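Single-structure report; data block below.
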Protein chains: 2
Amino acid sequence: MGSRVTIRDVAAVAEVSPATVSRVLNADQRVAPELRERVLAAVERLGYRPNSQARSLRTQATRVIGLIISDIQNPFFTSLVRGVEDTAQASGYSVVLANSDEDLGKEQQYLRVAAAEQMAGVILSPASSSRTRIGELVHEEIPVVTIDRRIAADVDSVAVDNVAGARRAVEHLLQTGASRVGIIAGPEDVSTAADRLEGYRAALRAAGLAVDPELTVRGDFRVDGGHRAAARLLDRPDRPDALFAANNLMLIGTLDAMAERGLTAPADLLLAGFDEMSWAGFAPPLTLVEQPTYEIGRLATQLLLRRIAGGTAAAEHVVLEATLKVRASSDLVRRAV
Amino acid sequence: MGSRVTIRDVAAVAEVSPATVSRVLNADQRVAPELRERVLAAVERLGYRPNSQARSLRTQATRVIGLIISDIQNPFFTSLVRGVEDTAQASGYSVVLANSDEDLGKEQQYLRVAAAEQMAGVILSPASSSRTRIGELVHEEIPVVTIDRRIAADVDSVAVDNVAGARRAVEHLLQTGASRVGIIAGPEDVSTAADRLEGYRAALRAAGLAVDPELTVRGDFRVDGGHRAAARLLDRPDRPDALFAANNLMLIGTLDAMAERGLTAPADLLLAGFDEMSWAGFAPPLTLVEQPTYEIGRLATQLLLRRIAGGTAAAEHVVLEATLKVRASSDLVRRAV
DNA sequence: GCTGGGCGAGAAATCGATTTCAGAAATCGA
DNA sequence: TCGATTTCTGAAATCGATTTCTCGCCCAGC
């Protein structure tokens with residue numbers, strides 16, 4: 001490495017000891033102003049940057065937080081990542097990003113890396129609510145906050161009220177005139193999928209309708225799975241008159257399946273989904289339950305930083321509101337106008 | 001930190017010196033089989049994991065490579081990231097991901113982090129071909145490989161032949177019957193944008209057509225910019241009879257603008273784009289110039305690893321082929337069938 | 001005038017690994 | 001059998017920072 005500048009070099013130039021240089025840089029008060037001046041000048045002149053490995057070896061603390069998300073391809077996470085980065089950087093932490101791809105093995109591997117690298121903390125969108133294992137992090141006393149989804153372990157979490165969000169969407173579909181609402185639900189072992197399914201059922205029951213198990217089909221939160229699930233519902237002789245897709249990618253699959261069959265919303269059936277989708281400019285505009293993604297990232301990071309600072313209170317579960325945005329895909333009136 | 005196991009603990013249990021433990025773990029040949037056994041057993045029993053900070057402090061080499069991409073939201077990068085991760089992991093390196101968001105300031109900051117963390121190398125999709133500054137990395141002798149785009153500096157690069165790809169797409173549009181082809185081009189200071197524009201012009205010239213400057217509109221490689229650019233072209237009194245969008249997100253913006261105006265492809269105009277888009281299930285299926293993204297990531301990582309290992313040859317520029325996939329959006333015949 | 005307390009700065013220990021160096025044991029050749 | 005060489009192992013130095021320990025100095029209090 002190109003003859004890197006060390007703290008000794010700075011000390012030599014400033015004519016003080018390395019200890020004094022360290023004190024100046026770590027804002028230790030008890031250094032004479034004159035020495036401080038000399039040190040800062042030397043740092044400036046030599047372009048000194050502390051070696052972060054040496055520092056964290058000594059202090060036993062890194063200033064890196066890991067962000068492990070379950071699907072980098074899902075735009076839902078993009079603005080969330082930004083919320084995490086902004087908040088972390090404001091506190092002098094840097095963020096490393098990893099993509100578990102909804103794969104437990106990969107997730108495990110990244111969790112292991114986080115433990116090995118002694119990261120200050122980890123924000124995790126777990127691939128499974130029951131089978132994700134954070135034991136290694138717990139063992140190293142590395143704090144964890146889950147986002148979007150919860151797990152069995154006793155850790156902080158930040159998520160939206162998925163039950164209420166889904167319920168609101170399905171109630172809206174019913175009020176707009178649907179009577180047979182199908183749901184393209186998510187994987188069984190993901191908490192958000194379970195919650196959204198529960199919201200769907202609650203809406204039906206509240207409207208005095210029976211929950212027809214035939215109208216619930218599970219996908220995998222991906223485009224293909226959504227496509228297959230939607231196809232099964234659309235090909236039924238008694239086709240549903242409305243569909244609710246439990247996440248954004250599966251809604252794309254649903255639109256795909258509809259297009260293949262020459263069906264459009266809201267003319268042939270009403271359509272609603274979950275998660276923002278402005279990145280995909282579909283016609284018609286889609287009715288969606290939207291989440292405050294940036295805010296989720298920001299709050300999760302705040303919780304994590306508090307833990308890192310030593311908070312030992314009981315696990316905190318922040319629940320934000322998801323808001324229903326009604327657009328043309330479910331709105332016969334607006335469409336008519 | 002929960003009483004971490006160190007090399008001394010292992011040495012004590014195995015009744016050897018720390019030096020011997022280190023040699024066993026670093027595959028040093030000259031250790032007696034019996035001692036080796038004892039050490040491995042102790043490592044296993046204690047669940048010992050070397051502290052990577054201490055190791056890289058001593059060896060002056062980390063096993064981390066930085067991957068700085070220009071837009072995490074663009075699915076083009078997803079499979080590329082996978083190519084990088086797989087290849088890096090096979091050689092024992094881990095990958096940290098950063099998103100510059102096409103923002104020179106953010107990019108600068110991540111490059112600085114990479115230098116400060118003494119990363120082994122950096123794979124970069126530069127935000128600008130002329131204003132991206134890799135000076136700090138060069139100074140630290142950290143190798144860099146650019147992907148997708150090139151920069152002025154003398155570093156390895158991996159990209160597709162953007163000129164040929166774009167040319168092929170536009171030639172196809174012309175052969176299918178278009179005579180006035182508009183292009184939604186990318187930002188001026190990104191090499192891929194320049195190359196694709198050149199390919200477009202080459203195709204027109206080869207067909208003996210004049211290049212009408214009115215039919216070239218620049219976007220920003222994002223959905224919104226594509227939307228605005230397409231709107232300008234579509235609202236002309238002499239509307240083009242074909243459009244070529246220089247990347248995937250701008251093609252979405254284009255579809256958006258078309259939908260607003262009640263236009264569909266290929267009936268009203270022929271449509272082709274650049275980059276894979278299977279994630280967005282559009283109807284009609286889109287004609288696209290597709291890149292071997294996984295392969296780009298794999299090759300870039302191989303080049304980087306070679307540099308890290310000490311290769312000092314002249315900068316290498318790998319150029320892969322981009323293949324045109326003709327689908328319904330530009331194919332009047334197939335549509336008719 | 002002497003002692004004790006407080007403060008500022010440097011010397012040295014420390015973090016946890018790798019690697020050099022040196023010494024003991026084993027091997028080899030004559 | 002003896003010396004020379006090689007092989008293996010452990011002690012100690014090292015990487016670059018932080019932090020404890022220690023010491024000298026100054027000032028207040030008696």
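Lettering follows sequence order; numbering is per chain, from 1. Values below: all heavy atoms of this structure, side chains included; hydrogens, waters and symmetry mates excluded. This one's a predicted model, so the numbers in the text were calculated from it and none came from an experiment.
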Stepwise side-chain contact (heavy atoms from CB on, under 4.5 Å) test for B:Asp148 and B:Gln291:
CA-CA 10 Å; B:Asp148 186 44; B:Gln291 307 190 39; 4.2 Å; yes

Evaluate the side chain to side chain donor-acceptor pair (under 3.5 Å) criterion for residues A:Ser129 and A:Ser191: first the C-alpha distance (whole Å), next the side-chain angles of each, then the deciding distance (0.1 Å), finally the verdict.
CA-CA 6 Å; A:Ser129 58; A:Ser191 70; 5.9 Å; no

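Under the 4.5 Å side-chain criterion, counting only non-hydrogen atoms from C-beta, B:Leu124 is not in contact with B:Leu137. Side-chain contact between B:Phe77 and B:Ser70 is present, with at least one heavy-atom pair separated by less than 4.5 Å.
Side-chain N or O atoms of A:Arg4 include one that pairs as donor or acceptor with a backbone N or O of A:Arg49 at under 3.5 Å.
When all heavy atoms of A:Asp189 and A:Ser128 are compared, the closest pair comes out as OD2-OG, 3.1 Å. Here the shortest heavy-atom pairing between A:Val31 and A:Thr20 reads CG1-CG2, 4.2 Å.
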In the 5'-to-3' direction, what one-character label does each nucleotide of nucleotides 16-28 of chain C receive under the scheme B = base within less than 4.0 Å of a protein heavy atom, S = sugar-phosphate only, - = no such atom?
BBBBB--------

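For the helix from C:dG1-D:dC30 to C:dA30-D:dT1, the angle separating the two terminal helix axes comes to 50°, with each axis derived from five pairs and the value rounded to 10°.
Within 6.0 Å of the CZ atom in B:Arg150, the count of heavy atoms belonging to other residues, nucleotides or ligands does not exceed 12. Around atom CD of A:Gln89, more than 12 heavy atoms belonging to other residues, nucleotides or ligands sit under 6.0 Å away.
In summary, A:Arg133 and A:Glu107 do not engage in a salt bridge, as defined by a charged side-chain N under 4.0 Å from a carboxylate O.
Within residues 36-43 of chain B, no residue has any heavy atom under 4.0 Å from DNA chain D.
Atom CG of A:Asp9 is separated from atom C1' of D:dC15 by 13 Å (rounded to the nearest Å).
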